[in-house]
Amino acid sequence: MTNANLYQLFRERTAPHAADTFLETADAAYTYGDLDTESGRLARLLRDQGVEPGDRVIVQVDKSPAAVFLYLACLRAGAIYIPLNTAYTPAEVDYFVGDAEPALMVVRSESQADLGRIAAERKVPKLLTLDADGSGTLADAASGLTPDPGIEPREPDDIAAILYTSGTTGRSKGAMLSHDNLSSNALTLHAYWGFVPGDVLLHILPIYHVHGLFVALHTAILNASKILFHDRFDPARLVADLPRATVLMGVPTHYVRLLDQDGFDTPGCAGMRLFVSGSAPLLADTFESFRARTGHTILERYGMTEAGMITSNPYDGERIAGTVGYPLPGVSARVVGEDGREVPHGEAGVLEITGPNVFKGYWRMPEKTAAEFRDDGYFITGDVATMAEDGRVAIVGRAKDLIISGGLNVYPKEIESLIDDLPGVKESAVIGVPHPDFGEGVTAVIVPDGTAEVAAETVTAFLKDKLATFKQPKTVLFVDELPRNTMGKVQKAELRDRYQDLYSVR
Ligand code: MCA
Ligand code: AMP
């Protein structure tokens with residue numbers, strides 16, 4: 001019987017390359033041999049700490065090689081890895097801890113006091129610290145441990161990770177991704193994007209989301225590639241490293257900022273094979289400017305937390321601005337109208353998909369899971385798309401009330417519920433308005449009720465410790481009333497039109 005543990009696949013692919021470089025940071029390098037040793041040492045530690053297969057491990061730490069080894073150790077131990085955005089406030093983390101009931105939390109030393117309190121209240125058995133330089137109680141406890149060479153046997157449908165994604169109701173849902181979800185998607189992308197021996201990945205994404213953690217890391221590991229591992233996005237450092245790389249993956253904001261970076265030019269990109277963009281719509285203007293500046297055509301693909309990568313522009317073949325290409329091999333997609341029937345080619349409807357990449361459901365939310373699947377097993381993405389006769393997909397809107405800012409999702413409902421609780425506020429609508437850097441700028445439109453003085457600063461101060469900074473409104477506006485349709489529903493499209501020049505996009 002084969003072991004479906006994703007790490008088993010990584011072991012098979014990387015074992016012949018033990019002496020080759022895996023991660024290269026500004027001041028250190030680790031080989032594929034180190035990957036196996038360090039993840040084995042941490043897998044032993046997890047077991048010593050009482051983490052059993054199927055237990056959850058919540059991790060909110062800075063990007064570092066040690067954080068990557070910890071993720072791989074969780075796979076090896078059969079634990080369920082739950083990464084959290086480092087921008088989340090303790091108030092936000094508290095919800096995830098209550099929901100996931102982890103056996104272990106790993107956090108930055110600086111948040112140990114706040115999160116330690118939450119861990120104690122929520123009766124989390126163990127809490128360890130891990131800092132950007134690799135130090136902390138996790139490293140202390142692991143030092144001297146003999147690496148465990150084993151890989152916990154897993155079935156294809158066993159859960160490898162839970163990634164929280166906010167919902168239109170405001171409550172975050174934990175998307176359960178199986179070992180097979182992750183390995184099938186990684187193998188597909190590795191082949192579809194033409195990875196070849198010698199490829200070098202320039203890694204500039206955070207490692208708490210699907211894009212940086214799975215898409216980028218997994219394809220590179222399957223290829224036993226060297227990864228130039230940047231701890232954060234720094235356009236000058238990226239440009240300096242480009243001549244040593246062949247593949248870059250980023251969100252549109254990265255490409256917009258790169259185009260503004262001195263020294264970013266055709267010669268610097270000469271060795272590059274592939275630029276991938278996703279997580280948010282890439283503007284045609286960025287696509288064209290990039291091609292004019294570098295001679296390279298960005299490959300745009302489309303995905304979501306619940307399904308990893310879903311469609312991609314072709315590697316060999318025409319990449320068309322404003323489209324996200326074709327369903328990946330193994331993925332079936334259809335575009336459906338309000339009556340639940342497929343619409344004709346070229347007409348807009350909600351995109352529904354099925355395939356080995358589609359998640360196993362929301363953690364402990366069977367009703368929410370059922371609501372997002374059709375009877376025949378198709379998952380309802382909530383994205384509005386068109387499909388051309390040849391199967392090419394374009395994302396043309398969203399049926400879900402969602403803002404994507406710099407590749408990060410923001411659900412208006414979560415912010416509106418908080419603002420509506422403020423004294424002096426009658427109601428609010430949070431919208432995404434075109435923004436030259438972030439794609440969409442989170443904007444709050446508030447109707448005061450006259451009972452108390454409320455100003456933009458009051459709102460900003462009120463939200464400060466309740467919401468991660470990327471979710472906080474860039475602008476707070478006040479109006480006498482919100483536009484509504486005859487059914488009384490707030491017309492967000494009308495608000496978006498009204499304020500479309502607020503951030504004056506180029
Ligand atoms: C940072 N800030 C933001 C954002 N990021 N504001 C709005 N939207 C954002 N995305 C704010 C900070 O709160 C801070 O505000 C100020 O900008 C500077 O913060 P800093 O951390 O220095 O920002 P940065 O390093 O310039 O970050 C911008 C970024 C980052 C590099 C574009 O947001 C990023 O890494 N985005 C990628 C996210 C990602 O990986 N998404 C994939 C999701 P203040 O000054 O007020 O404190 S996976 C997914 O969506 C699916 C599966 C898919 O298809 O991939
Ligand atoms: P997340 O929940 O963070 O995984 O975000 C997934 C959402 O990002 C999708 O449902 C889409 O709305 C959006 N998305 C991802 N890639 C693209 C893309 N290339 N073009 C347009 N929207 C995208």
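Residue indices begin at 1 and follow the sequence shown. Both ligands and their constituent atoms are indexed starting at 1 by order of listing. Computed from a predicted structure; not experimentally measured.
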Donor-acceptor contact present, side-chain Lys471 to main-chain Glu414, <3.5 Å
no
Mind checking whether His209 contacts ligand 2 via backbone (N, CA, C, O), side chain (CB onward), both or neither, at a 4.0 Å heavy-atom cut-off?
neither
Pro281 and ligand 2 - part of the residue with a heavy-atom distance under 4.0 Å
both
Under a 4.0 Å N-O cut-off, is there an ion pair linking Glu457 with Lys464?
no
Using only atom types and a distance under 3.5 Å, with no angle test, would you say the side chain of Arg244 pairs donor to acceptor with the backbone of Leu202?
no
Check this for me, if you would: do Asp260 and Arg257 make a salt bridge, where the nitrogen-to-carboxylate-oxygen distance has to be below 4.0 angstrom?
no
Neighbour count above 12 (heavy atom, 6.0 Å) for Asp376 CG:
yes
Which residue owns the protein heavy atom closest to atom 16 (N) of ligand 2, what's the atom, and how far is it?
Ser279 N, 3.1 Å
Can you confirm whether more than 12 heavy atoms, excluding those of Asp339, are under 6.0 Å from its CG atom?
yes
Quick one: are the ring centres of Phe373 and Phe359 less than 6.0 Å apart?
yes
Using ring-ring contact (aromatic ring centres under 6.0 Å, His included) as the criterion, list what pairs up with His209, not counting sequence neighbours.
none
To the nearest 0.1 Å, how far is atom 7 (C) of ligand 2 from its closest protein heavy atom, and which atom is that?
Gly303 O, 3.9 Å
Do the ring planes of Phe470 and Tyr88 sit parallel (below 30°), tilted (30 to 60°) or perpendicular (above 60°)?
tilted
Which option out of Ala385, Ala280, Gly278, Gly439 puts a heavy atom nearest to atom 18 (C) of ligand 2?
Ala280
Looking only at distance, does Glu306 have an N or O less than 3.5 Å from an N or O of ligand 2?
no
Using a 4.0 Å cutoff against the non-hydrogen atoms of Thr305, which atoms of ligand 2 qualify?
1 (P), 2 (O), 3 (O), 4 (O)
Does Val324 have a non-hydrogen atom less than 4.0 Å from ligand 2?
yes
Counting from 1 in the order shown, the ligand 2 atoms closer than 4.0 Å to a non-hydrogen atom of Glu300 are 18 (C), 19 (N), 20 (N)
For Ile404 and ligand 2, answer yes if some heavy atom of the residue is under 4.0 Å from a ligand atom, otherwise no.
yes
Could you see which bit of Ser277 sits under 4.0 Å from ligand 2, with heavy atoms only: side chain, backbone, both or neither?
neither
What residues, two or more places apart in sequence or in another chain, satisfy side chain to side chain contact (heavy atoms under 4.5 Å, CB included) together with Val433?
Ile431, Thr443, Tyr499, Leu502, Tyr503
Please work out whether any backbone atom (N, CA, C, O) or any side-chain heavy atom from C-beta onward of Asp383 is under 4.0 Å from ligand 2, and answer side chain, backbone, both or neither.
side chain
Can we say Arg334 and Glu352 salt-bridge, meaning some charged N sits less than 4.0 Å from an Asp/Glu carboxylate O?
yes
Taking side-chain hydrogen bond (donor to acceptor under 3.5 Å, both in side chains) as the test, write out the residues that go with Glu416, two or more places apart.
Lys492
Is the cationic atom of Arg374 (NZ for Lys, CZ for Arg) positioned less than 6.0 Å from the six-membered ring centroid of Phe379 and within 45 degrees of its normal?
no
Give the protein residues with at least one non-hydrogen atom closer than 4.0 Å to an atom of ligand 1, ordered by chain and number.
Leu205, Pro206, His209, Val210, His211, Arg232, Phe233, Val251, Thr253, His254, Arg257, Ser279, Arg301, Gly303, Met304, Thr305, Met309, Ser405, Gly406, Gly407, Leu408, Phe438, Thr469, Phe470, Lys474
heavy-atom search around atom 19 (N) of ligand 2 in the protein gives Arg301 O, 2.7 Å
List every atom of ligand 2 that sits less than 4.0 Å from any heavy atom of Asn409, numbering the atoms from 1 in the order shown and giving each element.
1 (P), 2 (O), 3 (O), 5 (O)
